[in-house]
Amino acid sequence: MNIELALRMCEASVRQAAREGALVSVAVVDAGGHLVAFQRMDGAEIAGVTLAPGKAYTAVAHRMTTADLARLVRPGGELYGLPGDRYVCFGGGVPLRHPGEERRVAGAVGVSGGTVAQDVACAEAAAALWDGVQLFRKRDI
């Protein structure tokens, strides 16, 4: 993960938000959950400043999308009661994986400000850029 790619991923997410008609905040974190890049669209809700990095951190910490994790933390779910200070367990956080290494993550993107479906679409737009760059790098090796 580097700042240049993280900023490009934020931009991809913001472009998707514009297509979706949403105003979002976007956070990209590294494998340790540390913030690498953050963007907040003009007019985006103030909660996104906390929720977007929280979704990214949660996705990295659990190596799964926050939409998938949301199902596990519901009453009766395997991880019911999990949410804590840094965990945000609803859609919009997507882990960024190393190519060919399902369990190893390089970071994550978190998006907040739209509906859950919009946040997911915006996070997936950023993740698609990550996947494309990783595929290109792998071909060059």
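A distance of 9.0 Å separates CG of L35 from CG of D30, quoted to the nearest 0.5 Å. The distance from atom SG of C10 to atom CE of M41, rounded to the nearest 0.5 Å, is 12.0 Å. L96 contributes atom CG, which lies 9.5 Å from atom CG of L129 (distance to the nearest 0.5 angstrom). Put simply, OG1 on T65 and CZ on F90 are 13.5 Å apart, with the number rounded to the nearest 0.5 Å. Put simply, OG on S25 and CZ on F38 are 4.0 Å apart, with the number rounded to the nearest 0.5 Å.
Hydrophobic clustering (ILVMFWY, side-chain heavy atoms < 4.5 Å, transitive): V111 and V36 are in one cluster. The hydrophobic cluster containing L79 also contains M64, counting ILVMFWY residues as joined when their side-chain heavy atoms lie under 4.5 angstrom apart, directly or transitively. Linking ILVMFWY residues whenever their side-chain heavy atoms come closer than 4.5 Å, directly or via other members, places L7 and V28 in the same cluster.
Salt bridge K55/D119: present, at least one basic N to carboxylate O contact under 4.0 Å.
By the 30° and 60° cut-offs, the orientation of the rings of H98 relative to W130 is perpendicular.
Here the two rings, on Y57 and H34, have centers that are 6.0 Å apart or farther.
In this structure the side chain of E45 never reaches within 4.5 angstrom of the side chain of L23, judged on heavy atoms. The shortest side-chain heavy-atom distance between V26 and V14 falls under the 4.5 Å cut-off. Side-chain atoms of T58 and Y87, non-hydrogen and from C-beta on, do get closer than 4.5 Å to each other. Using a 4.5 Å heavy-atom threshold, the side chains of Q16 and E124 count as separate.
In this structure, the side chain of Q118 engages the main chain of T115 through a donor-acceptor pair within 3.5 Å. Judged by distance alone, the side chain of S112 and the main-chain N or O of L51 form no donor-acceptor pair under 3.5 Å. Between the side chain of R8 and the backbone N or O of E4, no donor-acceptor pair lies under 3.5 Å. Between the side chain of S13 and the backbone N or O of M9 there is no donor-acceptor pair closer than 3.5 Å.
In terms of heavy-atom proximity, C89 sits nearest to V73 at CB-CG2, 3.7 Å. Residue A56 comes nearest to A108 through the heavy atom pair O-CB, 3.2 Å, listed as atom of the first residue, atom of the second, then distance. Looking at every heavy atom in both residues, P95 comes nearest to V105 through CB-CG1, 3.9 Å. Heavy atoms only, all atoms of each residue included: G48 and P53 are closest at O-CD, 3.6 Å. When all heavy atoms of V24 and A17 are compared, the pair lying nearest together is CG2-CB, 3.6 Å. A123 and V94 make their closest contact through CB-CG2, 3.7 Å (heavy atoms, listed as atom of the first residue, atom of the second, distance).
Around CD of E20, the count of heavy atoms belonging to other residues, nucleotides or ligands within 6.0 Å exceeds 12. Heavy-atom contacts from other residues, nucleotides or ligands closer than 6.0 Å to CD1 of I46 number 12 or fewer.
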Exercise for the section: For the pair V133 and L5, evaluate side chain to side chain contact (heavy atoms under 4.5 Å, CB included) and give the outcome as yes or no after the intermediate values. Expected result: CA-CA 9 Å; V133 168; L5 181 54; 3.9 Å; yes
